[in-house]
Amino acid sequence: MSTLIDGKALAAKLRGELKEKVAEFKRTKGEIGLAVVLVGEDPASQVYVRNKIKACEEVGIRSYSYHLPAETSQSDVEALIDELVVSEKIDGILVQLPLPKHLDERKILRRIPHTKDVDGFCAENVGNLAMNRETIVACTPFGVMKMLEAYGIDPKGKSAVVLGRSNIVGKPMAMLLVNADATVTVCHSKTQNLKEVCAAADILVVAIGKAKFVTADMVKEGAVVIDVGMDRDENGKLCGDVDFENVKDKASYITPVPGGVGPMTITMLLYNTYIAASRR
Ligand code: NAP
């Protein structure tokens, strides 16, 4: 039987610690501010934004919410970002994605300097991560590393497989594991012998967006299995990319969905905002 990596409990613990750090920061240096920009009425985005604002309140970070109508022009969104970039009240700028189709997402995100890029998505932060230098790390993979650390799982010398190569999860995850001295293989939709590659992993991180894709035969006995996926099963119930029920007895450690990686992501956004403020 494996040990469950409890992301919910760890996130709560980290938020408690962060709350104290933020309070101390406020006493000595002033408020920490996160700007959250939402364009349009996408219901899922509205929920995400609400959760982020609530999480900020919980730890004492001041949030500034900008909800723009769906038809807002490119130049108006850019003008808002430019204002936030120079504002001394704002330590981090988060633009909730996806943006409405008529907007050039890349152009908008490129206006955010790496010092305020609390999502860790910009080229400079990604480049710094690749070179193992001081940076801001994308929240989800950053959260995964915190989970490994909290459970005493040292990637050093281990064989790690990252399933998925997205810019926001798979690639930064692979870089973090390389920086932590793991031997890393990145898999994607064109990978051959996927089952065998995954089954050789001491640490398997899965982020592909396919419900219960990773079955027990793809997992090595005693492997650490981290499930980033947030999917719906055949009954519409939230589940991950890993067939949890069948994999859990084979893994040494495993994250559940929900209650695993998910709660860590917003927590790391708060951490990144605190880090950005500390480097002002
Ligand atoms: P994404 O951008 O859609 O990328 C999916 C990746 O999986 C791609 O690299 C793709 O390969 C690969 N892939 C898809 N099907 C595959 C298959 N059959 N075999 C091997 N590789 C396959 O996804 P993402 O944004 O990284 O998100 C992945 C999952 O994580 C989603 O369920 C998402 O909801 C979840 N997520 C959760 C959190 C959280 O906080 N818990 C945060 C972010 C994302 P190609 O590159 O070859 O197309």
Side-chain angles (χ1 to χ4, degrees), residues 33-56 61 63-85 90-127 129 135-144 164-176 188 207-210 228-232 238 240-241 257-258 261-273 275-276:
L34 174 69
V36 183
V37 179
L38 172 65
V39 188
E41 309 302 327
D42 177 62
S45 293
Q46 292 190 50
V47 173
Y48 294 143
V49 163
R50 258 202 312 276
N51 289 342
K52 287 169 187 173
I53 290 170
K54 213 173 118 218
C56 280
I61 291 176
S63 62
Y64 298 83
S65 173
Y66 299 88
H67 189 173
L68 308 177
E71 60 279 9
T72 307
S73 68
Q74 177 82 19
S75 58
D76 283 353
V77 180
E78 289 183 4
L80 170 63
I81 301 294
D82 292 349
E83 255 177 56
L84 300 172
V85 167
I90 304 297
D91 294 292
I93 304 169
L94 184 143
V95 177
Q96 185 63 46
L97 302 178
L99 289 169
K101 294 263 178 296
H102 69 282
L103 294 173
D104 184 338
E105 194 170 287
R106 222 172 135 204
K107 250 177 107 185
I108 289 169
L109 294 181
R110 283 185 69 167
R111 299 185 96 81
I112 304 174
H114 71 284
T115 48
K116 293 194 178 189
D117 166 39
V118 283
D119 264 330
F121 291 166
C122 77
E124 181 141 5
N125 280 329
V126 175
L129 176 62
T135 187
I136 296 180
V137 180
C139 303
T140 302
F142 189 15
V144 171
R165 58 172 165 182
S166 70
N167 290 335
I168 62 167
V169 186
K171 282 182 195 156
M173 187 73 248
M175 289 193 261
L176 284 165
H188 46 76
I208 58 169
K210 298 237 154 40
V228 178
M230 288 214 292
D231 315 305
R232 297 275 164 193
L238 187 63
D241 289 344
V257 178
V261 176
M264 293 296 291
T265 296
I266 293 187
T267 304
M268 300 331 291
L269 169 70
L270 304 174
Y271 250 92
N272 280 347
T273 307
I275 291 168

- Message: If we ignore hydrogens and angles and just use 3.5 Å, is the side chain of Thr135 paired with the main-chain N or O of Asn125 as donor and acceptor?
- Response: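 Present.
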- Kindly say whether Val85 contributes a backbone atom to a donor-acceptor pair with the side chain of Lys116 at under 3.5 angstrom?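 Answer holds: yes.
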Any side-chain heavy atom of [X] sitting closer than 4.5 Å to one from [Y]?
X      : Y      : answer
Leu238 : Arg232 : yes
Met264 : Val144 : no
Leu269 : Val118 : yes
Ser45  : Pro98  : yes
Met173 : Arg165 : no
Tyr66  : Thr72  : no

Closest contact, heavy atoms only, [X] versus [Y]:
X      : Y      : result
Cys122 : His114 : SG-CB, 3.5 Å
Asn167 : Lys171 : OD1-NZ, 3.1 Å
Thr273 : Gly33  : CG2-O, 4.0 Å
Glu41  : Gln46  : O-NE2, 2.9 Å
Val95  : Asp119 : O-OD2, 4.5 Å
Phe142 : Val137 : CB-CG1, 3.8 Å

Using 0.5 Å steps for rounding, measure from the [atom1] atom of [X] to the [atom2] atom of [Y].
X      : Y      : atom1 : atom2 : result
Asp117 : Ile93  : CG    : CD1   : 9.0 Å
Arg111 : Ile81  : CZ    : CD1   : 9.0 Å
Asp91  : Asn272 : CG    : CG    : 12.0 Å
Asp104 : Arg110 : CG    : CZ    : 9.5 Å
Leu94  : Leu84  : CG    : CG    : 11.0 Å
Cys56  : Leu270 : SG    : CG    : 5.5 Å

- Is atom OH of Tyr48 surrounded by more than 12 heavy atoms (other residues, nucleotides or ligands) closer than 6.0 Å?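 It does not: Tyr48 OH has 12 such atoms or fewer within range.
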- Hey, which of Val39, Leu97, Leu103, Leu80 is the one that makes side-chain contact (heavy atoms from CB on, under 4.5 Å) with Ile108?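 With Ile108 as partner, Val39, Leu97, Leu103, Leu80 yield a single side-chain contact (heavy atoms from CB on, under 4.5 Å), made by Leu103.
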